[in-house]
Amino acid sequence: MNSLDDLHQRPIVSVDLAIFALAPNELEVLLAQRGTEPFAGSWALPGGWIHVDEDRDLEAAAQRVLHDKTGVAAPYFEQVGVFGDAARDPRGWSLSVTYMALIAKEAVTLKHGGNVTGAAWHPIGGHTTTVPLAFDHAAILKAAITRLRNKVEYTTLPVHLLPEAFTLSELQAVYERLLGRLLDKSAFRKRIAEVDFVEPIAGEMRRASNRPAQLYRLKQARSTVFFDRTI
């Protein structure tokens, strides 16, 4: 086999994204509807090829794909893993470097073009969605959901699903939704104070049914903090 033949036998490499946001009552994932084969008409995780002339590294490629699909940069971005074999793509041996991103839903303007005919948020139930996914994206999504839910127990990760300004009650509600259980209010606020990753916004309050609630924001220097014990 000459060098040209060897080049054609190299795996296809893409970046795929599990982009999560919160709806009022559930976690959602952003899916793209494919307009071309393979799997034309099917839903898939947003993704794209690595641009060797443009992307300085894998995370830069993932951030570019995210911006192309949503128009924003995610406040939290993490590699989930690498998925690859000879059967996941009918076009041949392929690798997918997969990232998960957490975004406040109201900050996203959905866009689509090229080989994508639609983009929409889909609810998550358990470790999957209500629609079948192309390629091995169901397995990729399951891995991303598992990673997200595991890290909720011991990190400040859920704050990245909220807008820039939020109340402590809203932050607790995000934890409870992802964990699937209620948390004691005083214990939760004590834990948040201990790790010191949010700060009040001076003079900013949100009107509530009984009394105004103080608005908070993430401290710039403390992106994601690990607790010394599970929440």
Side-chain angles (χ1 to χ4, degrees), residues 1-21 27-105 107-122 124 127-148 160:
M1 183 180 292
N2 61 40
S3 59
L4 184 58
D5 291 331
D6 180 61
L7 178 63
H8 288 309
Q9 292 300 314
R10 291 179 182 176
I12 301 168
V13 182
S14 65
V15 172
D16 293 304
L17 306 173
I19 305 169
F20 296 114
L27 185 68
E28 295 183 326
V29 63
L30 180 60
L31 298 179
Q33 190 168 37
R34 293 181 56 80
T36 59
E37 296 293 348
F39 301 106
S42 296
W43 291 95
L45 297 174
W49 307 124
I50 293 173
H51 293 180
V52 296
D53 297 329
E54 180 180 352
D55 304 323
R56 68 180 183 277
D57 54 31
L58 286 171
E59 185 163 329
Q63 289 281 11
R64 174 184 52 77
V65 171
L66 173 64
H67 186 272
D68 289 347
K69 302 298 180 181
T70 68
V72 300
Y76 185 83
F77 215 69
E78 177 181 330
Q79 188 179 128
V80 174
V82 178
F83 299 77
D85 58 45
R88 64 181 302 273
D89 190 322
R91 292 168 292 188
W93 227 109
S94 67
L95 291 173
S96 169
V97 183
T98 305
Y99 285 80
M100 71 174 179
L102 305 185
I103 293 178
K105 190 174 180 179
V108 179
T109 300
L110 297 184
K111 303 190 303 182
H112 64 272
N115 66 346
V116 174
T117 58
W121 293 102
H122 288 255
I124 290 172
H127 290 89
T128 188
T129 66
T130 56
V131 297
L133 299 181
F135 306 104
D136 57 351
H137 287 190
I140 293 174
L141 178 59
K142 181 179 179 179
I145 294 170
T146 300
R147 173 76 63 85
L148 171 60
H160 300 297

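Numbers here are sequence positions counted from 1.
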Visitor: Answer whether the closest heavy-atom distance between the side chains of Ser14 and Val97 falls below 4.5 Å.
Guide: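 The answer is no; the side chains never approach within 4.5 Å.
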
Visitor: I would like to know whether Thr98 and Phe83 meet side chain to side chain contact (heavy atoms under 4.5 Å, CB included); could you show each step before the answer?
Guide: CA-CA 8 Å; Thr98 305; Phe83 299 77; 3.6 Å; yes

Visitor: Work out which heavy atom in Leu102 is nearest to a heavy atom in Ala74; give both atom names and the distance.
Guide: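 That would be O-CB, 4.0 Å.
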
Visitor: Rounded to the nearest 0.5 Å, what separates atom CD in Gln63 from atom CG in Asp55?
Guide: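 Nearest 0.5 Å value for the CD-CG distance: 11.0 Å.
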
Visitor: Is there a donor-acceptor contact under 3.5 Å from the side chain of Arg88 to the main chain of Asp136?
Guide: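 Between the backbone of Asp136 and the side chain of Arg88 there is no qualifying donor-acceptor contact (under 3.5 Å).
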
Visitor: So, His122 side chain and Val29 main chain: donor-acceptor pair closer than 3.5 Å or not?
Guide: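 No, His122 side chain to Val29 backbone: no donor-acceptor pair under 3.5 Å.
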
Visitor: Hey, are Arg34 and Ser42 close enough side-chain-wise for a donor-acceptor pair under 3.5 Å?
Guide: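 Arg34 and Ser42 do not have a side-chain donor-acceptor pair below 3.5 Å.
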
Visitor: Given the rule in the side chain to side chain contact (heavy atoms under 4.5 Å, CB included) test, do His127 and Thr146 qualify, once you have shown the distances and angles that lead to the verdict?
Guide: CA-CA 7 Å; His127 290 89; Thr146 300; 3.3 Å; yes

Visitor: Would you tell me whether Ser96 and Asp16 have side-chain atoms, one donor and one acceptor, within less than 3.5 Å of each other?
Guide: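 There is such a pair (donor and acceptor under 3.5 Å, judged by atom type) between the side chains of Ser96 and Asp16.
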
Visitor: Checking the side chain of Gln33 only, and the main-chain atoms of Thr117 only, is there a donor and an acceptor separated by less than 3.5 Å?
Guide: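 Checking the backbone N and O of Thr117 against the side chain of Gln33, no donor-acceptor pair under 3.5 Å is found.
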
Visitor: Any chance you could lay out the side chain to side chain contact (heavy atoms under 4.5 Å, CB included) test for Leu45 and Leu31, step after step, and finish with the verdict?
Guide: CA-CA 5 Å; Leu45 297 174; Leu31 298 179; 3.9 Å; yes

Visitor: Would you mind reporting whether Ile19 and Phe77 have side-chain heavy atoms less than 4.5 Å apart?
Guide: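 Counting from C-beta outward, Phe77 and Ile19 never come under 4.5 Å.
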
Visitor: State whether the side chain of Asp85 and the backbone N or O of Ala87 hold a donor-acceptor pair below 3.5 Å, judged by distance alone.
Guide: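 Pair found, side chain donor or acceptor close to backbone of Ala87.
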
Visitor: For residues Ala144 and Ala18, report the shortest heavy-atom separation together with the two atoms involved.
Guide: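 Heavy atoms only, the tightest pair is CB-CB, 3.7 Å.
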
Visitor: Would you say Gln79's side chain and Gly81's backbone share a donor-acceptor pair under 3.5 angstrom?
Guide: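 No.
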
Visitor: Minimum heavy-atom separation for Val131 and Thr129, please, with both atom names.
Guide: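 For Val131 versus Thr129, the nearest heavy atoms are O-OG1, 2.9 Å.
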
Visitor: How far does CG of Leu141 sit from CD1 of Ile124, to the nearest 0.5 angstrom?
Guide: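 If I round to the nearest 0.5 Å, the distance is 5.5 Å.
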
Visitor: For residues Val15 and Ala61, report the shortest heavy-atom separation together with the two atoms involved.
Guide: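 That would be CG2-CB, 4.0 Å.
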
Visitor: Side chains of Ser94 and Val13: does their closest heavy-atom pair fall under 4.5 Å?
Guide: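 They are not in side-chain contact.
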
Visitor: Give me the atom names and distance for the closest heavy-atom approach of Gly118 to Trp43.
Guide: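 Gly118 and Trp43 have their closest heavy atoms at O-CZ3, 4.0 Å.
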
Visitor: Is there a donor-acceptor pair under 3.5 Å between the side chain of Arg91 and the backbone N or O of Ile12?
Guide: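 The answer is no, because no donor-acceptor pair under 3.5 Å joins these two groups.
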
Visitor: Students often mix this up, so state it plainly: with edges at 30° and 60°, are the rings of Phe135 and Phe39 parallel, tilted or perpendicular?
Guide: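 Judged by the thresholds at 30° and 60°, the geometry between Phe135 and Phe39 is perpendicular.
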
Visitor: I need the Leu30 CG to Phe20 CZ distance, nearest 0.5 Å.
Guide: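 Going from the CG atom of Leu30 to the CZ atom of Phe20 covers 11.0 Å.
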
Visitor: Between atom CG of Leu66 and atom CD of Glu59, what is the distance when rounded to the nearest 0.5 Å?
Guide: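 One finds 10.5 Å between CG of Leu66 and CD of Glu59.
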
Visitor: Passes side chain to side chain contact (heavy atoms under 4.5 Å, CB included), Ile50 versus Leu58? Steps please.
Guide: CA-CA 8 Å; Ile50 293 173; Leu58 286 171; 3.6 Å; yes

Visitor: Which pair of heavy atoms, one from Trp93 and one from Ala86, lies closest together, and at what distance?
Guide: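 Minimum heavy-atom contact is CD1-CB, 3.5 Å.
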
